[in-house]
Protein chains: 2
Amino acid sequence: MSPCSTLTEHLRQKGYRITLQREMIIQTIAHSEQHISAEEVFAEVRKHTPAANLATVYRTLDMLWEEGLACRNDLGECRIVYAALQHGPHIHLVCRYCNRLIDADPQALESLREELDTEYGFTADLQHISIFGVCAGCQLSSEKLKEE
Amino acid sequence: MSPCSTLTEHLRQKGYRITLQREMIIQTIAHSEQHISAEEVFAEVRKHTPAANLATVYRTLDMLWEEGLACRNDLGECRIVYAALQHGPHIHLVCRYCNRLIDADPQALESLREELDTEYGFTADLQHISIFGVCAGCQLSSEKLKEE
DNA sequence: TTCCTTATTGCAAGTATTTGCAATAAGGAA
DNA sequence: TTCCTTATTGCAAATACTTGCAATAAGGAA
């Protein structure tokens with residue numbers, strides 16, 4: 001089954017109605033290689049049909065996220081970005097200084113996930129988590145600055 | 001030394017100018033018990049002086065965050081929230097459904113921090129990280145829903 | 001197939017946040 | 001102390017995102 005029909009089937013079972021707009025939005029994120037913004041999803045949908053509105057795109061993406069069918073990442077600077085879940089899990093390391101994005105191995109999060117589950121009964125979305133910090137390059141240049 | 005003067009000293013050393021606005025904003029977040037929004041910081045500053053502008057508050061808070069002197073958390077729903085660092089570290093668990101906030105023990109993150117440092121040279125801000133997911137209560141009610 | 005209920009949409013207005021630019025003022029140099 | 005450079009501010013406009021509400025249409029019932 002294609003990722004799109006899996007997603008729409010899931011929604012249908014939860015009682016959501018399947019509209020043209022929703023199908024287009026799901027197709028767009030499912031077929032995108034990268035995480036993309038709401039604005040980009042809107043542009044893509046508009047290529048195929050004029051039946052789309054930016055507010056609907058925002059609402060649908062947030063709904064997919066709430067249902068656990070898409071991931072949502074705040075990359076700082078108004079960069080909120082979505083992706084379908086068939087992308088393999090990974091950690092986004094976002095540099096506070098240069099905004100660079102580094103992908104890290106999600107294995108590092110397994111013990112955390114287990115602890116949050118047993119201790120708090122909380123099912124964490126760790127497939128696509130964003131972690132802010134300072135990358136190696138920016139650390140170096142800030143050290144240089146201090147030496148001067 | 002008070003948290004405020006530590007912060008301003010740090011900024012001065014980095015070459016930032018210390019303005020009345022910055023002092024007021026630093027005082028506000030340093031004395032706040034809770035994480036607070038830019039709007040709340042602005043309201044607090046305004047109580048003491050009319051010399052303040054919302055844009056300046058946003059700029060200053062982001063600057064403090066970039067310098068690693070404050071933390072910044074996206075709690076979803078346009079809830080971006082700041083705090084000074086003297087608050088003990090903790091994890092925010094944010095429920096995707098009910099937006100409830102649970103504080104978790106930051107100890108769970110130590111091994112992750114080390115791994116990101118050794119593997120990627122990335123210094124992660126894990127003192128006040130937000131993790132999205134589904135809380136125990138919402139998981140229960142969604143299971144009930146399925147049974148019906 | 002037609003009808004009905006109500007979830008979903010589009011629109012326009014609202015809130016949250018960022019940005020360009022001219023005016024101001026911090027803090028080092030004279 | 002005064003002057004000068006330029007970082008910082010305030011303003012107003014731009015962008016990003018959300019929301020209320022009337023109009024539309026999905027999908028189950030008849």
Side-chain angles (χ1 to χ4, degrees), chain A residues 5 7-26 28 35-43 45-46 48-67 69-70 72-82 96 99 145 148, chain B residues 5 7-26 28 35-43 45-46 48-67 69-70 72-82 96 99 145 148:
Chain A
S5 44
L7 286 175
T8 49
E9 206 38 52
H10 199 117
L11 288 182
R12 209 185 298 272
Q13 274 171 24
K14 286 232 174 183
Y16 289 97
R17 292 182 184 172
I18 307 306
T19 62
L20 174 62
Q21 288 86 337
R22 285 181 175 167
E23 281 183 318
M24 301 295 293
I25 292 166
I26 287 171
T28 304
H35 292 56
I36 55 179
S37 67
E39 196 77 45
E40 288 167 329
V41 170
F42 176 63
V45 170
R46 262 297 168 85
H48 303 290
T49 167
N53 178 281
L54 192 52
T56 303
V57 172
Y58 276 108
R59 276 189 282 230
T60 303
L61 290 172
D62 277 344
M63 179 271 280
L64 291 171
W65 173 66
E66 282 191 0
E67 289 301 333
L69 300 175
R72 177 185 185 279
N73 281 91
D74 174 14
L75 304 181
E77 296 198 309
C78 274
R79 292 182 301 161
I80 289 178
V81 125
Y82 298 82
R96 278 203 308 265
N99 285 314
L145 217 64
E148 278 168 22
Chain B
S5 44
L7 285 176
T8 49
E9 207 37 54
H10 198 116
L11 286 183
R12 209 186 297 275
Q13 273 171 26
K14 286 230 175 184
Y16 288 98
R17 293 182 184 173
I18 307 307
T19 62
L20 173 63
Q21 289 85 340
R22 284 181 176 167
E23 282 183 318
M24 301 295 293
I25 291 165
I26 286 171
T28 304
H35 292 55
I36 55 180
S37 68
E39 196 77 45
E40 287 166 328
V41 170
F42 176 63
V45 170
R46 262 296 169 86
H48 303 290
T49 167
N53 177 279
L54 192 52
T56 302
V57 173
Y58 276 108
R59 276 189 282 228
T60 304
L61 290 171
D62 277 345
M63 180 271 280
L64 291 171
W65 173 66
E66 281 190 0
E67 289 302 332
L69 300 175
R72 177 186 185 278
N73 280 91
D74 174 15
L75 305 180
E77 295 198 311
C78 273
R79 292 182 301 161
I80 289 179
V81 125
Y82 298 83
R96 278 204 307 266
N99 285 313
L145 218 64
E148 276 169 23

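None of the values given here were measured: they were computed from a predicted structure. Every chain is numbered from 1, with letters handed out A, B, ... down the list of sequences.
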Compare side-chain N and O positions of [X] against OP1 and OP2 of [N] and report whether any pair is under 4.0 Å apart.
X	N	value
A/Arg22	C/dT9	yes
A/Gln21	D/dA25	no
B/Tyr58	C/dT18	no
B/Asn53	D/dT9	no

Grab the [atom1]-[atom2] distance between [X] and [N] for me, whole Å please.
X	N	atom1	atom2	value
A/Trp65	D/dT18	CH2	P	10 Å
B/Leu54	C/dT17	CG	C1'	8 Å
B/Leu20	D/dG10	CG	C1'	14 Å
B/Met24	D/dT9	CE	P	13 Å
A/Phe42	D/dT15	CZ	P	15 Å
A/Met63	C/dT8	CE	P	7 Å
B/Glu39	C/dT17	CD	P	8 Å
B/Asp62	D/dT8	CG	C1'	15 Å

- What pairs with B/Glu67 under salt bridge (charged side-chain N to carboxylate O under 4.0 Å, His left out), at least two apart in sequence or on another chain? B/Lys14
- Task: Could you tell me which residues satisfy salt bridge (charged side-chain N to carboxylate O under 4.0 Å, His left out) with B/Arg12, sequence neighbours excluded, listed by chain and number?
- Result: B/Glu9
- Query: Do the side chains of B/Thr19 and B/Thr60 get nearer than 4.5 Å, heavy atoms only?
  - Reply: no
- Message: Going by side chain to side chain donor-acceptor pair (under 3.5 Å), name the residues that satisfy it together with A/Glu40, two or more places apart in sequence or in a different chain.
- Response: A/Ser37
- Task: Return one dot-bracket line describing DNA chain C 5' to 3' (Watson-Crick or G-U wobble pairs, both distances under 3.5 Å; ( ) same strand, [ ] crossing, | another strand, . none).
- Result: ||||||||||||||||||||||||||||||
- Heavy-atom pair with the smallest gap, counting every atom of A/Thr8 and A/Ile18: O-CD1, 3.7 Å
- Message: Looking at every heavy atom in both B/Ala38 and B/Leu54, which two are closest together, and how far apart are they?
- Response: O-CD1, 4.2 Å
What's touching nucleotides 27-30 of chain C from the protein side, N or O pairs under 3.5 Å?
unit_1	atom_1	unit_2	atom_2	d
C/dG27	OP1	B/Ile18	N	2.8

- Check B/Met63, B/Arg17, B/Glu23 against B/Leu11 for a side-chain contact (heavy atoms from CB on, under 4.5 Å) and give me the one that passes. B/Met63
- Out of D/dT9, C/dT18, C/dA12, which nucleotide sits closest to the side chain of A/Ala55? C/dA12
- Task: Keeping to residues at least two apart or across chains, list the salt bridge (charged side-chain N to carboxylate O under 4.0 Å, His left out) pairs with something in residues 53-62 of chain A.
- Result: A/Asp62-A/Arg72
- Message: Can you tell me how far apart CD1 (B/Ile36) and CG (B/Leu61) are? Round to the nearest 0.5 Å.
- Response: 8.0 Å
